[in-house]
Structures are given as C-alpha cells and as structure tokens.
Enquirer: 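Below you will find the structure I want to go over with you.
Each chain gets a letter, A, B and so on, in the order the sequences are listed, and its residues count up from 1.
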Amino acid sequence: MANLIQPKVLKGFRDFLPETEISRKEIQQTLEDTFKSFGMVPIDTPILEYTEVLLGKGSGETDKQIYRFDDHGGRDVAMRFDLTVPFARFMAAHINELYLPFKRYHISKVWRGENTQRGRYREFTQCDFDIVGVDTPEADFEILSVMHASLTALGIPEIHMNVSHRGIFNAFLEHLGISDDLAEILRIVDKLAKIGEDKVMEMLTELADADKASKILEYISAGGSFDEILLKLEQLSGGPSPGSERLKTVRTMMVDCGIDDLFVLNPSITRGLDYYTGIVYETFLDALPGIGSVCSGGRYNNLASIYSKTEMPGVGSSIGLDRLMAALEELGTVSAKKSMTDVLIINMDANLKGHYFSIASKLRSAGLNAEVFLDTKKFKNQFTFAERKAIPFAVICGEDEFKAGKITLKDLNARENYEMISVDEAVIKIKEISKAG
RNA sequence: GUGGAUAUAGUUCAAUCGGUAGAGCACCAGAUUGUGGUUCUGGAUGUUGCGGGUUCAAGUCCCGUUAUCCACCCCA
C-alpha cells in the first residue's frame with residue numbers, strides 16, 4: 001500500500017485516450033483506403049533488427065538517435081528509426097517471392113531518442129508508401145499523386161508540397177566546381193526558410209568563395225512559377241540534365257492530371273538523409289510552419305544495394321501521423337468522438353436482463369453499434385454514462401414495453417421520446433435522425 | 001545531446017514579507033419518482049511533479065531530479 005509505483009511513461013512516449021485514438025484510427029483508415037486505391041499492398045517488419053542492418057547506410061545523426069542494446073542472446077540490436085531502411089532489407093530478403101514494381105504501404109511506430117518538442121516525440125507513427133523496382137517518371141509521379149490524394153482526403157487545410165531534385169543540385173554544384181563539404185552545404189541550404197538569405201550567404205561564404213556562395217544562393221532562392229524556376233535551375237547548372245528532364249516530365253504529368261495546384265518547386269529543399277538520389281519533397285502546413293514537415297520523402301536508387309546485388313531503385317514518402325495530429329489539433333479540425341456506440345440499452349428491470357441483450361443483438365444485426373448498461377442502476381446514472389461516452393440514443397424497455405413487445409427510443413441529444421415502437425421502427429428512426437444530424 | 005522557461009484539486013487559476021491550501025467549472029451522494037440540461041442540501045477534492053537542504057515554520061528560498069514547452073541540432 002505504501003509503495004505504489006508511479007504510473008508514469010517515458011519522455012517522448014505517450015498514452016492515447018479513446019478520444020484521441022479514435023481520430024488517429026480514422027486518419028489511418030483514410031490513408032490506408034487511399035493507398036489501396038492506388039494498388040498498394042500492406043507489409044509489416046519487426047521493430048527490432050540487427051544494428052548493422054539499420055545503420056548500414058545511416059548518417060552519424062542516426063547513430064546518436066537510435067535505440068540500441070544487446071539482447072538476451074548478446075546480439076547487437078536496435079529499434080527501427082524509420083520504415084524505409086527496414087523496407088530496403090525486406091525487399092532484398094524477399095525479392096524472389098515478390099514482383100516488380102512492388103508498391104507497398106506500411107503504417108507503424110518508429111523510435112528515435114532525440115529531444116522532444118511539440119509534434120516531436122521519441123515514439124511516433126509513420127505512414128510510408130513506396131514504389132520499388134522502377135526508376136521512371138511514372139513512379140515519381142505516382143508517389144506525388146498519392147501524397148496529393150492522401151492529404152486531400154484528410155481535408156488538410158492550406159498546404160503546399162515542396163518539390164526539388166538532388167540530381168539537378170548535384171549537377172549544379174559540379175558545374176560550379178564544388179566537390180567538398182557537400183553535406184555541409186546541403187544542411188545550410190536547407191535552412192533558407194528558417195534563417196533567411198543573409199544568414200545563409202554568411203554561412204556559405206565560410207565554405208566557398210563569395211562568387212560561388214552567391215551562385216548557390218541564387219540557385220536555392222530562385223522564384224517564379226514551377227516552370228520558370230526549373231528553367232532557371234537548368235541554366236545555373238549548365239543546361240538540361242537527366243534530373244531536370246525527369247522533373248519536367250513529372251511536372252507535365254501533374255498538369256495533365258490536374259493535380260499541380262499544391263506542388264511548388266523549392267530548390268532549397270534538399271533533405272538531410274543522404275540516401276536520396278533524385279526527386280525529394282517536404283510538406284509544410286501554411287498555418288503552422290513551425291511544426292515541421294508532415295510528409296516528406298524522395299527517390300533513393302541505391303538503398304537496397306547494401307543488402308543485395310539486385311538493382312532496386314525506389315521512391316517513396318512518409319506521412320508523420322503524430323505531427324499531423326498535433327497540427328490538426330491546434331487548428332481545431334479533429335473530430336473528438338468519445339466512442340462509436342450508437343445506442344445504449346438502459347438496464348432498468350432486473351427481470352429483463354436477457355431481453356436487453358437480445359435487443360442489443362438485434363440492433364447490431366441492423367448495423368448499429370449497441371451496448372447494454374452493465375448494472376441495474378438508476379436512470380440518472382445510466383444517462384450520465386451515455387453522456388460521458390457521447391452515445392446519441394437510448395433504448396428504454398420496462399415491463400409495459402416488454403409486455404407489448406415494444407421499446408421506447410430516446411434521442412439523447414434532442415431529449416425526445418419515441419414511445420412504444422418496435423425495434424425495427426427504432427432502427428429506421430435512428431438512421432433517419434443520424435443522417436439528418 | 002546543449003541552453004532557457006514552466007510544474008498547485010479532474011480542469012482553469014488563486015495564495016501578500018516564508019506563517020499548516022483556496023475559488024469557479026466538473027465530480028460524487030441525497031431531495032427525486034419510468035427519463036439526465038434547472039433548483040436545493042451535503043461531500044471529497046491535494047504527499048503543492050518527485051527527492052533532499054536552509055528555517056521555529058517552505059507552495060514560496062537553495063540544490064538535485066523527472067516531465068512538458070521553447071531555441072539549437074536533426075527530422076516525421
């Protein structure tokens with residue numbers, strides 16, 4: 001009694017109450033439906049992998065953030081920090097049982113031991129979708145298309161997907177004659193939106209001469225329409241390149257399909273992860289840029305090469321469910337349902353216990369979610385329970401109704417009774433009122 | 001990981017110079033019944049995040065610790 005254990009959870013880890021979990025599940029369902037509609041199939045992988053498998057192509061940062069330990073058999077293991085690297089391993093392991101191009105989605109938790117902030121946790125859920133086996137504009141376009149469809153299906157307000165291309169940027173740097181400090185330059189360039197042109201210029205001049213620095217700044221801050229910027233990038237990088245041609249084709253496809261509205265070409269987007277080789281993208285909410293990217297990814301043509309000799313070019317994207325939730329919560333656009341129950345059967349007469357459950361069963365057969373209150377308590381109690389759980393209807397059946405083979409339906413929101421009707425009539429009434437509301 | 005801010009009832013917030021913790025809302029019981037939004041009566045709100053220290057006395061001052069938020073870093 002004296003030594004109760006504190007019911008605490010670890011920093012960056014969270015419990016989800018029904019209210020939150022219901023909307024999380026709804027969002028996941030919407031995404032899953034979208035992914036399926038593009039012919040994508042679900043997979044799953046273990047949360048624990050050999051450390052060498054996960055760190056094979058990671059950067060130094062991943063090293064620091066990964067949860068890593070020795071298991072009971074003395075194996076050096078680690079928890080997955082994203083879903084892309086395990087997917088590459090998965091493809092290498094199962095390539096002979098699969099077919100190409102392979103399009104999968106994967107919604108699951110990942111772990112990173114970094115410092116927490118709003119929308120940044122140590123345990124969080126990613127919704128990944130990737131296409132492996134083809135290096136074509138069709139595949140690049142399809143990922144962008146799924147992103148567009150997903151975010152539209154979720155009804156995310158005021159959003160822009162920033163698109164860029166590593167290949168063009170590399171061609172540009174090569175044209176400039178820069179081959180050192182590439183990672184450093186990428187990092188500085190990526191900060192443009194956050195720290196501004198002056199600061200970026202200042203930092204770049206520390207790495208390269210002023211002329212080159214201003215060229216880089218000119219490249220990453222190129223303005224105008226998608227096509228205008230693309231033209232400018234080509235000019236700055238010494239003419240058309242495979243990357244620019246690819247991006248041009250993808251752009252044409254977006255226009256042909258009428259989904260070019262949400263995409264902007266933003267050359268300052270580079271992405272920190274070093275396995276990206278082609279198109280890259282990041283998505284920010286216009287209203288909440290501070291919360292970070294809610295959906296990003298790109299093309300990685302060599303990722304599986306550390307596990308297999310088979311060429312497996314891939315392109316994919318990841319939606320950060322928790323970050324998205326944090327944003328939607330702040331914007332007040334999450335539905336805060338407390339339960340899915342449509343009808344509560346009031347438990348008022350101890351002699352009719354069994355009957356109450358048979359009414360519930362009939363309601364369920366009619367497609368409604370129904371539950372019986374699990375104790376014979378007074379009405380006030382049972383109504384309060386219904387209110388707590390936000391249940392919209394109650395079925396009342398006492399001796400009178402039972403004898404007549406009827407029930408009384410109560411609309412708990414309108415506080416209106418429909419007395420002495422049959423269960424079938426109640427079902428119709430409930431569906432009618434629910435539809436209207 | 002580094003630096004800064006914050007932590008009081010379920011919740012939103014009080015508590016003077018250091019003097020044993022308070023209000024609204026919410027909650028529970030009853031008046032109150034085969035019908036919960038009103039009213040009335042009564043009740044509990046709590047190891048002041050946690051652990052030490054100073055003091056006759058600590059929510060208040062000091063140290064440590066944990067969590068949250070903010071910035072850096074990085075990213076979803």
Side-chain angles (χ1 to χ4, degrees), chain A residues 2-14 17 58-66 81-84 107-128 147 183 186-188 190-191 194-195 199 269-274 276 280-285 290-298 316-327 330 344 346-349 352 373 376-389 391 393-402 407-420:
Chain A
N3 295 312
L4 289 178
I5 297 168
Q6 292 291 314
K8 60 186 179 183
V9 297
L10 286 164
K11 179 187 177 76
F13 289 69
R14 298 168 301 156
L17 293 169
S59 60
E61 276 308 318
T62 315
D63 245 78
K64 277 187 246 161
Q65 297 185 350
I66 202 162
F81 59 89
D82 73 4
L83 299 176
T84 308
I107 301 176
S108 206
K109 284 182 173 173
V110 301
W111 295 267
R112 290 180 200 172
E114 65 175 334
N115 240 342
T116 54
Q117 245 175 70
R118 183 187 44 160
R120 287 175 76 141
Y121 311 98
R122 291 186 168 176
E123 176 181 65
F124 59 98
T125 301
Q126 289 197 322
C127 312
D128 270 41
M147 283 167 64
L186 287 177
R187 211 169 310 148
I188 296 168
D190 210 39
K191 287 192 219 287
K194 207 161 196 177
I195 62 176
K199 264 269 193 264
I269 297 290
T270 60
R271 313 275 302 131
L273 294 170
D274 51 16
Y276 290 114
V280 290
Y281 25 80
E282 271 184 21
T283 306
F284 298 97
L285 275 73
I291 211 149
S293 174
V294 295
C295 172
S296 36
S317 188
S318 181
I319 296 176
L321 185 66
D322 305 270
R323 206 170 259 195
L324 198 58
M325 285 281 301
E330 185 149 335
L344 177 71
I346 301 295
N347 186 347
M348 54 188 290
D349 187 333
L352 296 176
F373 192 81
T376 319
K377 281 198 165 178
K378 21 181 179 182
F379 275 56
K380 183 173 172 168
N381 252 297
Q382 305 198 31
F383 283 133
T384 303
F385 173 79
E387 198 174 347
R388 267 292 183 78
K389 242 179 134 168
I391 301 172
F393 295 96
V395 160
I396 294 158
C397 181
E399 215 183 324
D400 300 345
E401 284 92 345
F402 179 68
I407 59 161
T408 289
L409 176 71
K410 186 176 176 82
D411 178 340
L412 293 173
N413 295 321
R415 297 182 182 239
E416 211 170 306
N417 282 348
Y418 301 94
E419 288 174 26
M420 291 293 176

Enquirer: Using Watson-Crick and G-U wobble pairs with both distances under 3.5 Å, what is the 5'-to-3' dot-bracket string of RNA chain B, with [ ] for crossing pairs and | for pairs outside the strand?
Expert: (((((((..((((.....[..)))).(((((.......))))).....(((((..]....))))))))))))....
Enquirer: With hydrogens left out and only the distance checked, is there a donor-acceptor pair under 3.5 Å joining A/Glu401's side chain and the base of B/G34?
Expert: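 When only heavy-atom distances are counted, A/Glu401 does reach the base of B/G34 through a donor-acceptor pair under 3.5 Å.
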Enquirer: Would you kindly give the CG-to-P distance between A/Asp190 and B/C72, to the nearest whole Å?
Expert: 13 Å
Enquirer: Do you know the tightest heavy-atom contact between A/Phe284 and A/Ser293?
Expert: CE2-N, 3.5 Å
Enquirer: Using OP1 and OP2 only, check whether a side-chain N or O of A/Lys410 sits under 4.0 Å from B/G36.
Expert: no
Enquirer: When rounded to the nearest 0.5 angstrom, what is the spacing between CZ in A/Phe124 and CZ in A/Phe13?
Expert: 10.5 Å
Enquirer: Donor-acceptor pair, distance only, cut-off 3.5 Å: does the side chain of A/Ser296 make one with the backbone of A/Glu282?
Expert: no
Enquirer: Classify the nucleic acid contact of A/Gly292 as base, sugar-phosphate or nothing, counting any heavy atom under 4.0 Å across all strands shown.
Expert: nothing
Enquirer: Heavy-atom nearest nucleotide on RNA chain B for A/Gly113 versus A/Arg323: which residue maps closer to 5'?
Expert: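 Between the two, 5'-proximity favours A/Gly113.
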Enquirer: Stepwise, does the side-chain contact (heavy atoms from CB on, under 4.5 Å) test hold for A/Ile188 with A/Leu186?
Expert: CA-CA 6 Å; A/Ile188 296 168; A/Leu186 287 177; over 6 Å; no
Enquirer: Out of B/C73, B/A76, B/U68, which nucleotide sits closest to the side chain of A/Lys11?
Expert: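 Closest nucleotide to the A/Lys11 side chain: B/U68.
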Enquirer: Within the structure shown, what part of the strands sits under 4.0 Å from A/Cys295 by heavy-atom distance: base, sugar-phosphate, or nothing?
Expert: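 It contacts sugar-phosphate atoms only.
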Enquirer: Looking at A/Lys8, I'd like to know whether one of its side-chain N or O atoms comes within less than 4.0 Å of OP1 or OP2 on B/G49.
Expert: no
Enquirer: With a cut-off of under 6.0 Å to the ring centre and 45° to the axis, is A/Lys410 in cation-pi contact with A/Phe383?
Expert: yes
Enquirer: Using atom P in both nucleotides, what's the gap between B/G51 and B/U66 to the nearest angstrom?
Expert: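 So the two P atoms sit 15 Å from each other.
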Enquirer: Could you check whether any side-chain N or O of A/Arg323 sits under 3.5 Å from a backbone N or O of A/Gly292, counting only pairs where one atom can act as donor and the other as acceptor?
Expert: no
Enquirer: Write down the distance separating the P atoms in B/U11 and B/G34, rounded off to the nearest Å.
Expert: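 My reading of the P atoms in B/U11 and B/G34 gives 37 Å.
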Enquirer: A/Trp111 has an atom CH2; how far is it from atom P of B/A76, in whole Å?
Expert: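 Value for this atom pair: 16 Å.
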Enquirer: Reckon A/Ser296 has a side-chain N or O less than 4.0 Å from the OP1 or OP2 of B/A76?
Expert: yes
Enquirer: Whole-Å distance between B/C72 P and A/Lys194 NZ?
Expert: 4 Å
Enquirer: What nucleotide, of B/U35, B/A71, B/A67, holds the atom closest to the side chain of A/Asn417?
Expert: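 Between B/U35, B/A71, B/A67, the one nearest the side chain of A/Asn417 would be B/U35.
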Enquirer: Are the side chain of A/Asn347 and the backbone of A/Phe373 linked by a donor-acceptor contact shorter than 3.5 Å?
Expert: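 Present.
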Enquirer: Take the protein atom CG of A/Asp128 and the nucleotide atom P of B/A76, then report the distance between them rounded to whole Å.
Expert: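 From A/Asp128 CG to B/A76 P: 9 Å.
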Enquirer: Tell me whether A/Phe379 and B/G36 count as stacked here, given that the ring centres must be under 5.5 Å apart and the planes must differ by less than 30 degrees.
Expert: no
Enquirer: What is the distance, to the nearest angstrom, from the CZ atom on A/Phe373 to the P atom on B/G36?
Expert: 15 Å
Enquirer: Which part of the nucleic acid does A/Ile396 contact within heavy-atom distance under 4.0 Å: base, sugar-phosphate only, or nothing?
Expert: base
Enquirer: Indicate whether any N or O donor in one side chain lies under 3.5 Å from an N or O acceptor in the other, for A/Asp128 and A/Thr84.
Expert: yes
Enquirer: If the glycosidic angle sits within 90 degrees of zero it is syn, else anti. Tell me which applies to B/U35.
Expert: anti
Enquirer: Over how many whole Å does the gap from A/Ile391 atom CD1 to B/G36 atom C1' extend?
Expert: 13 Å
Enquirer: Determine the interatomic distance between C1' on B/A58 and the same-named atom on B/G10; round to the nearest Å.
Expert: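 One C1' to the other, the span is 26 Å.
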Enquirer: Mind checking if A/Asp400 touches a base, just sugar-phosphate, or nothing, with heavy atoms under 4.0 Å?
Expert: base
Enquirer: Looking at the base of B/A76, is there any donor atom on it, or on the side chain of A/Arg112, that sits under 3.5 Å from an acceptor on the other one?
Expert: yes
Enquirer: By nearest heavy atom, map A/Lys378 and A/Ile291 onto RNA chain B; which one lands nearer the 5' end?
Expert: A/Lys378
Enquirer: Please check if the side chain of A/Arg112 supplies one atom and the backbone of A/Arg122 the other of a donor-acceptor pair under 3.5 Å.
Expert: no
Enquirer: Nearest to the side chain of A/Thr408, which nucleotide is it out of B/C72, B/U35, B/A76?
Expert: B/U35
Enquirer: As a test of reading the structure: which of B/A76, B/G36, B/G34 is closest to the side chain of A/Arg415, going by heavy atoms?
Expert: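 Given the options B/A76, B/G36, B/G34, the side chain of A/Arg415 is closest to B/G36.
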Enquirer: Could you tell me whether the phosphate oxygens of B/C70, OP1 or OP2, come under 4.0 Å of any side-chain nitrogen or oxygen in A/Arg118?
Expert: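 It does, given that an N or O in the side chain of A/Arg118 lies less than 4.0 Å from OP1 or OP2 of B/C70.
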Enquirer: Between A/Thr116 and B/U68, does any side-chain N or O lie under 4.0 Å from OP1 or OP2?
Expert: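 Yes, such a contact exists.
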Enquirer: In whole angstrom, what separates A/Glu387's CD from B/U35's C1'?
Expert: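 Going from A/Glu387 (CD) to B/U35 (C1'), I get 13 Å.
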Enquirer: Which value, in whole Å, describes the distance between the P atoms of nucleotides B/A57 and B/A21?
Expert: 16 Å
Enquirer: Within less than 4.0 Å of OP1 or OP2 of B/U68, is there a side-chain N or O belonging to A/Gln117?
Expert: no
Enquirer: How far, in whole Å, is B/U54 from B/U60 if one measures between their P atoms?
Expert: 15 Å
Enquirer: Counting only side-chain heavy atoms from C-beta out, which of B/G34, B/A29, B/A76 sits nearest to A/Asn381?
Expert: B/A29
Enquirer: Answer yes or no: does a side-chain N or O of A/Lys191 lie under 4.0 Å from OP1 or OP2 of B/C72?
Expert: no
Enquirer: Say you pick atom P in B/U32 and the same atom in B/U41; how far apart are they, in whole Å?
Expert: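 The same atom, P, in both gives a distance of 16 Å.
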Enquirer: Give a yes or no on whether a donor-acceptor pair under 3.5 Å exists between the nucleobase atoms of B/A76, that is its base, and the side chain of A/Glu282.
Expert: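 When only heavy-atom distances are counted, A/Glu282 does not reach the base of B/A76 through any donor-acceptor pair under 3.5 Å.
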Enquirer: Say you pick atom P in B/C75 and the same atom in B/G18; how far apart are they, in whole Å?
Expert: 49 Å
Enquirer: Between B/G34, B/A76, B/A71, which nucleotide gets closest to the side-chain atoms of A/Met348?
Expert: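 Nearest to the side chain of A/Met348 among the choices is B/G34.
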Enquirer: Between the side chains of A/Thr408 and A/Glu401, is a donor N or O closer than 3.5 angstrom to an acceptor N or O?
Expert: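 Side-chain D/A pair, A/Thr408 to A/Glu401: present.
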Enquirer: Have a look at A/Leu412 and say if it touches a base, only the backbone sugar-phosphate, or nothing, with a 4.0 Å heavy-atom cut-off.
Expert: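 The residue A/Leu412 makes base contact.
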Enquirer: Between B/U8 and B/G46, how far apart are the C1' atoms? Round to whole Å, please.
Expert: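 One C1' to the other, the span is 8 Å.
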Enquirer: Return the value, rounded to whole Å, for the distance between atom CD1 of A/Ile107 and atom C1' of B/A76.
Expert: 14 Å
Enquirer: Are A/Arg120 and A/Asp322 close enough for a salt bridge, meaning some N to O gap below 4.0 Å?
Expert: no
Enquirer: Name the nucleic acid region contacted by A/Gly12, choosing base, sugar-phosphate or nothing; use a 4.0 angstrom heavy-atom cut-off, strictly under.
Expert: sugar-phosphate
